Colleague: 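Questions regarding the structure given below will be posed in turn.
Just so it is clear, the model here is predicted, and its values are computed rather than measured. Just so we're on the same page: letters track the sequence lines, and every chain starts at 1.
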Amino acid sequence: MTQTEHKCMRTHYSREITPELNGEEIIIQGWIHEIRDLGGIVFVLLRDRDGITQVTAPSKKVEGELFKQIQGLKKESVITVRGKVQESPKAPGGVEIIPILVRVLNKSKLPLPLDTTEKVRAEIDTRLDSRFLDLRKHNVSSIFKIKSRMLHSVRVFLEKNGYIEINTPKLVASATEGGTELFPITYFEREAFLGQSPQLYKQIMMASGFDKVYEIAPIFRAEEHDTLRHLNEAISIDLEAAFCNHEDVMQILEQLVSNALKDVKKYCQNELETLNIDLEVPKTPFERVDYDDVVDLVNSKGVPLRHGEDLSRAAEKAMGEIKDGYYFITGWPTDIKPFYVMPSEEDPAKSCAFDLMYHDLEISSGAKRVHLHDLLVEKIQKQGLNPDSFNRYLAAFEYGMPPHAGWGLGAERFTMCITGAQNIRETVLFPRDRRRLTP
RNA sequence: GCCCUGGUGGUGUAGGGGCUAUCAUGCGGGCCUGUCGAGCCCGCGACUCGGGUUCAAAUCCCGGCCAGGGCGCCA
């Protein structure tokens, strides 16, 4: 094989081959999905990233050497096929390729660690071990094409709305932010940690004059949770806006969600079809449910929830039974929210924090932040944390910090909502959970 | 971290003190000119690891590891 044969010679993807191309000579490239050798005629199903094309080799129409070569092909080998498009009602999709030349670019080891045709379903663990093979299945790759489009849509939407994309450090010194467990790492002669959230950094950016910022980046949480909706490494879509309150950023959030769904519906028709999903684009504004009412609603379902408690899993499920689609929970008690959340002016026991829910899943939480230095110090102390370890953060509040608000949206959880995935691991190429660190 | 369940060919499973360990798919070989979960024939390939009970353990008991489900935790 010469060097030039390595470059992409493909003229068409499977999806582009229509009966109108009848008689044309084309080149397709991909993997051998299946071979059906009937003796005098061989069917080779060639799979590329969007679809499958049938290559049909009748012994009468295909010369002896080539016919023999085709009979000897193996599953999941990578091949290039030059051939003539043949319109045929007997072929899947009404078209097939009569081969003129077949070149094997690389063979696959057999047997395969999992069945790419899904005659035998593999478990998620087996699939993740051989993720590259798992992703050859269109129903698996569709999830990631949708995730890609969603993230693209989010970026376009935020840029259009004047947001500046920022990058904050993932190697951090402080473990004093409170809350979640952090992953400790060695930073030369010191201990450092992997960032749990860009929260403090994006707030510091509010004192920079950028006004509106967002970041799409990984967050790391060392919690030993082992559920279908938690990861130890996830992608967070974070946003912070100055001269805004919680109502303003809730509006941005609901518009962003609705817009992303609209774009996915528009640009991912094939993927949605593959996944058998009829995507509904929700109308804005989303319903707002006050925390006080949530307590009553949950209790009315027979699930115990005391005022002042965070939602248990049972409480979330109860809400999922009552509410459909996307909705906000507002008016959270100040006591169960972090120090940087602004208490409500009318009733300081209530906060300006909100969660965005989809059925029984929390996909985003945000708030109007505390922008007053002294109040922030007071709140840090109240939570049993040491203000000294927040020096660099607090300094930003001493030289003209505007009022601001923001939120974080879990990219994987949002992808679950769009694709209907029941396991968050389905929405990450290489998930990191309590047990899995490879591949 | 807690509770429950499980670990059998490459994959997905049946069985549950003594069997030649079930079936499907796969893989290898053969037949077959319209397959599309192709079909038919022949063959290949497995009891998670360590200890214990027993004449005998894949099966029962204990522990490890791993997995599935649920919960907790998740500023």
Colleague: Give every residue pair that meets the ring-ring contact (aromatic ring centres under 6.0 Å, His included) criterion with at least one member in residues 16-73 of chain A, sequence neighbours excluded.
Modeller: none
Colleague: Which residue pairs pass the ring-ring contact (aromatic ring centres under 6.0 Å, His included) test with at least one member in residues 341-360 of chain A, sequence neighbours excluded?
Modeller: Tyr326(A)-Tyr358(A), Phe328(A)-Phe354(A)
Colleague: For Lys202(A), enumerate each residue passing the side chain to side chain donor-acceptor pair (under 3.5 Å) test, keeping only those at least two apart in sequence or located in another chain.
Modeller: Asp238(A), Glu240(A)
Colleague: Distance check needed: C40(B) P versus Leu38(A) CG, whole Å only.
Modeller: 13 Å
Colleague: Whether Asp290(A) and Lys350(A) form a salt bridge (side-chain N of Lys/Arg under 4.0 Å from carboxylate O of Asp/Glu) is what I want to check.
Modeller: yes
Colleague: In plain terms, say whether Lys75(A) and Glu34(A) are close enough for a salt bridge, that is, a side-chain N and a carboxylate O under 4.0 Å apart.
Modeller: no
Colleague: I'd like the P distance from G6(B) over to A24(B), given in whole Å.
Modeller: 26 Å
Colleague: Given C71(B), is OP1 or OP2 found less than 4.0 Å from the side-chain N or O atoms of Lys317(A)?
Modeller: yes
Colleague: Rounded to the Å, how far apart are Leu385(A) CG and A75(B) C1'?
Modeller: 8 Å
Colleague: May I ask you to verify if any side-chain N or O of Lys119(A) is less than 4.0 angstrom from the OP1 or OP2 atom of G26(B)?
Modeller: yes
Colleague: Would you say the side chain of His225(A) and the base of C74(B) hold a donor-acceptor pair, judged only by whether the two atoms sit under 3.5 Å apart?
Modeller: no
Colleague: Using whole Å, report how far CG of Asp115(A) lies from P of G10(B).
Modeller: 15 Å
Colleague: Could you tell me whether the phosphate oxygens of U13(B), OP1 or OP2, come under 4.0 Å of any side-chain nitrogen or oxygen in Arg121(A)?
Modeller: no
Colleague: Say we look at C4(B) and C40(B): how far apart would their P atoms be, to the nearest angstrom?
Modeller: 46 Å
Colleague: Applying a 4.0 Å non-hydrogen cut-off, can you work out what Leu228(A) is touching in the nucleic acid: base, sugar-phosphate, or nothing?
Modeller: sugar-phosphate
Colleague: Which pairs, with at least one residue in residues 313-322 of chain A and sequence neighbours excluded, count as a side chain to side chain donor-acceptor pair (under 3.5 Å)?
Modeller: Lys301(A)-Glu321(A), Arg313(A)-Glu316(A), Arg313(A)-Asp360(A)
Colleague: I'd like to know if Lys368(A) pairs up with Asp248(A) as an ion pair, taking the criterion as any Lys NZ or Arg NE/NH1/NH2 lying under 4.0 Å from an Asp or Glu carboxylate oxygen.
Modeller: no
Colleague: When you compare C19(B) with U8(B), how far apart are their C1' atoms, in angstrom units rounded to a whole number?
Modeller: 15 Å
Colleague: Could you tell me which non-hydrogen atom of Cys417(A) sits nearest to which non-hydrogen atom of Ile363(A), and how far apart they are?
Modeller: SG-CG2, 3.6 Å
Colleague: Considering only residues two or more places apart or on different chains, which pairs with a residue in residues 210-250 of chain A satisfy ring-ring contact (aromatic ring centres under 6.0 Å, His included)?
Modeller: His225(A)-His230(A)
Colleague: Mind listing the residues from residues 122-141 of chain A sitting with a heavy atom below 4.0 Å of RNA chain B? Number order is fine.
Modeller: Ala122(A), Glu123(A), Ile124(A), Asp125(A), Thr126(A)
Colleague: If the C1' atom of U59(B) is compared with that of U48(B), how far apart are they to the nearest Å?
Modeller: 14 Å
Colleague: Separation of Ile52(A) atom CD1 from U35(B) atom C1', in whole Å?
Modeller: 14 Å
Colleague: Given that Lys61(A) and Arg425(A) both sit by RNA chain B, which one's nearest nucleotide is further toward the 5' end?
Modeller: Lys61(A)
Colleague: Determine the interatomic distance between C1' on A14(B) and the same-named atom on G9(B); round to the nearest Å.
Modeller: 14 Å
Colleague: Using atom P of each nucleotide, how far apart are C62(B) and U53(B) to the nearest Å?
Modeller: 15 Å
Colleague: What does U25(B) pair with, Watson-Crick or G-U, if both distances are under 3.5 Å?
Modeller: G10(B)
Colleague: Looking at Glu223(A) and G1(B), is any side-chain donor or acceptor paired with a base atom of the opposite kind under 3.5 Å?
Modeller: no
Colleague: Looking at residues at least two apart in the chain, or sitting in another chain, which of them share a side chain to side chain donor-acceptor pair (under 3.5 Å) with Asp388(A)?
Modeller: none
Colleague: Spell out yes or no: do the side chain of Glu34(A) and the base of U35(B) have one donor N/O and one acceptor N/O closer than 3.5 Å?
Modeller: no
Colleague: Using atom P of each nucleotide, how far apart are C60(B) and C71(B) to the nearest Å?
Modeller: 29 Å
Colleague: Check side-chain contact (heavy atoms from CB on, under 4.5 Å) between Val295(A) and all other residues, then give those that pass, not counting sequence neighbours.
Modeller: Tyr291(A), Asn299(A), Leu305(A), His307(A)
Colleague: Mind calculating the distance between CZ (Arg434(A)) and P (C71(B)) to the nearest angstrom?
Modeller: 18 Å
Colleague: Among residues 64-75 of chain A, which ones have heavy-atom contacts with RNA chain B below 4.0 Å?
Modeller: Lys74(A), Lys75(A)
Colleague: Ignoring hydrogens and angles, are the base of A75(B) and the side chain of Gln196(A) linked by a donor-acceptor pair under 3.5 Å?
Modeller: yes
Colleague: Let me have a per-nucleotide readout for nucleotides 2-8 of chain B, 5' to 3', with B, S or -, counting only protein heavy atoms under 4.0 Å.
Modeller: -------
Colleague: What residues, two or more places apart in sequence or in another chain, satisfy side chain to side chain donor-acceptor pair (under 3.5 Å) together with Glu123(A)?
Modeller: none
Colleague: Strictly by side chain to side chain donor-acceptor pair (under 3.5 Å), give each pair with a member in residues 86-100 of chain A just once, sequence neighbours left out.
Modeller: Gln54(A)-Glu96(A), Thr56(A)-Glu96(A)
Colleague: Measuring only the P atom in each nucleotide, how far is C44(B) from G7(B)? A whole number of Å is fine.
Modeller: 26 Å
